[in-house]
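Here the structure is laid out as structure tokens; the discussion comes afterwards.
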Amino acid sequence: MVVAAGSGSRLGASVPKAFVPLAGVPLLGHALRGALSCPAVSEAVVVAPAAHCAEAQSLAEDVCRELGSAATVTVVVGGAQRGDSVAAGLAELGDDIDIVLVHDAARCLTPVQVFDRVVAAVRAGAPAVVPGTAVVDTVKQVDGDGHVVATPDRSTLRAVQTPQGFRRDVLERAHAVSSAATDDAGLVERLGERVLVVDGDPRALKITTPADLEAAARLLPAHP
Ligand code: C5P
């Protein structure tokens, strides 16, 4: 599932973030190319803003044609928060699906190897898997007044990305309790299920600001 229903107000564009072009292709098109290049992906559910569902469908069909992918594509309208959009996508999954990847369209340059690693770890028995990278900054926990209350040991921290992969029953159980979290693994943690971190990739950066869009453009193979 690719969630693409956010407005992306911090990017300051006139269209929702997933439809902002990067080298002439909307971010969602790049994200779908990564996801559909993964041989394990047999079905793509795209969650989009109501006004952009037709565009999302035709983008997905273009990518399937380009890759020769036989994956089925469904587009559904998203919700107010990211978690609501994931819940809307979950409701559309076909009966035969037992592993679900949840991917942010905003992480549009995530290499296919990250998808492959996440799927492999779920297939190997982990109920929930997230890609993550080591944290280079020292991270402080602060109180409401901005005073530091703790400095976690940096070597124990990971910055996590998407796609996050789940056994379907585990993700559905988590969303049945609540969809309110900044990532889906956070919901699964609340169930008491173990979440495994596998290697992420710097190219899976999340595009939030215009500077991120410039950084992503520099990562494209054709960039001089
Ligand atoms: O806003 P943010 O960058 O954190 O969103 C992460 C991903 O979740 C984006 O791909 C965005 O399109 C998606 N999203 C969504 N529905 C929302 C909010 C965000 O699908 N209501």
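In each ligand, atom 1 is the first atom listed, and ligand 1 is the first ligand listed. Keep in mind it's a predicted model, so treat the numbers as computed, not measured.
At least one donor-acceptor pair closer than 3.5 Å links the side chain of R117 to the backbone N or O of D199. In terms of modelled atom types and a separation under 3.5 Å, the side chain of R158 and the main chain of G132 share no donor-acceptor contact. Within the 3.5 Å criterion, the main-chain N or O of P16 finds no donor-acceptor partner in the side chain of S7.
Considering backbone and side-chain N/O of S85, one or more are found under 3.5 Å from N/O of ligand 1. Residue A80 has at least one nitrogen or oxygen atom sitting less than 3.5 Å from a nitrogen or oxygen atom of ligand 1, judged on distance alone. The distance criterion of under 3.5 Å between nitrogen or oxygen atoms is not met by I207 with respect to ligand 1.
Looking only at heavy atoms of the protein, atom 14 (N) of ligand 1 is closest to G6 N, 3.4 Å. Protein heavy atom nearest atom 20 (O) of ligand 1, with residue, atom name and distance: A5 N, 2.8 Å. The protein heavy-atom contact nearest to atom 1 (O) of ligand 1 is R10 NH2, 3.8 Å. R82 CG, 3.5 Å is the protein heavy atom nearest to atom 8 (O) of ligand 1. Looking only at protein heavy atoms, the nearest one to atom 10 (O) of ligand 1 is V3 O, 2.8 Å. Residue, atom and distance of the protein heavy atom nearest to atom 2 (P) of ligand 1 are K206 NZ, 3.7 Å.
Under 4.0 Å from ligand 1, not a single heavy atom of S7 appears. The backbone of Q81, and not its side chain, has at least one atom closer than 4.0 Å to an atom of ligand 1 (non-hydrogen atoms only; backbone = N, CA, C, O). Contacts of A18 with ligand 1, taken as heavy-atom pairs under 4.0 Å, are absent altogether.
By the definition of a contact as any protein heavy atom under 4.0 Å away, atom 4 (O) of ligand 1 is in contact.
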* Should R82 and D104 be marked as a salt bridge (Lys or Arg N to Asp or Glu O under 4.0 Å) after you check the CA-CA gap, both sets of side-chain angles, and the distance that decides it? -> CA-CA 9 Å; R82 182 187 177 284; D104 289 344; 2.9 Å; yes
* Verify side-chain contact (heavy atoms from CB on, under 4.5 Å) between R33 and E66, making sure each step is shown before the conclusion. => CA-CA 9 Å; R33 199 181 286 151; E66 174 197 326; 3.0 Å; yes
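A salt bridge is defined here as a Lys NZ or Arg NE, NH1 or NH2 lying under 4.0 Å from an Asp or Glu carboxylate O, and E193 with R173 meets this definition. For E172 and R168, the salt-bridge test passes: some basic side-chain N is under 4.0 Å from an acidic carboxylate O.
Put simply, the side chain of L11 does not reach to within 4.5 Å of the side chain of T208, judged on heavy atoms.
Per-residue contacts place G79 under 4.0 angstrom from the following atoms of ligand 1 (heavy atoms of the residue considered): 17 (C), 21 (N). Close contacts of ligand 1 with K17, meaning ligand atoms under 4.0 Å from a residue heavy atom, involve 2 (P), 3 (O). Shown in contact with A4 at under 4.0 Å from a heavy atom are these atoms of ligand 1, numbered in order with element: 12 (O), 20 (O).
No side-chain donor-acceptor contact under 3.5 Å links D153 and T156. Donor-acceptor pairing under 3.5 Å is lacking for the side chains of D201 and Q113.
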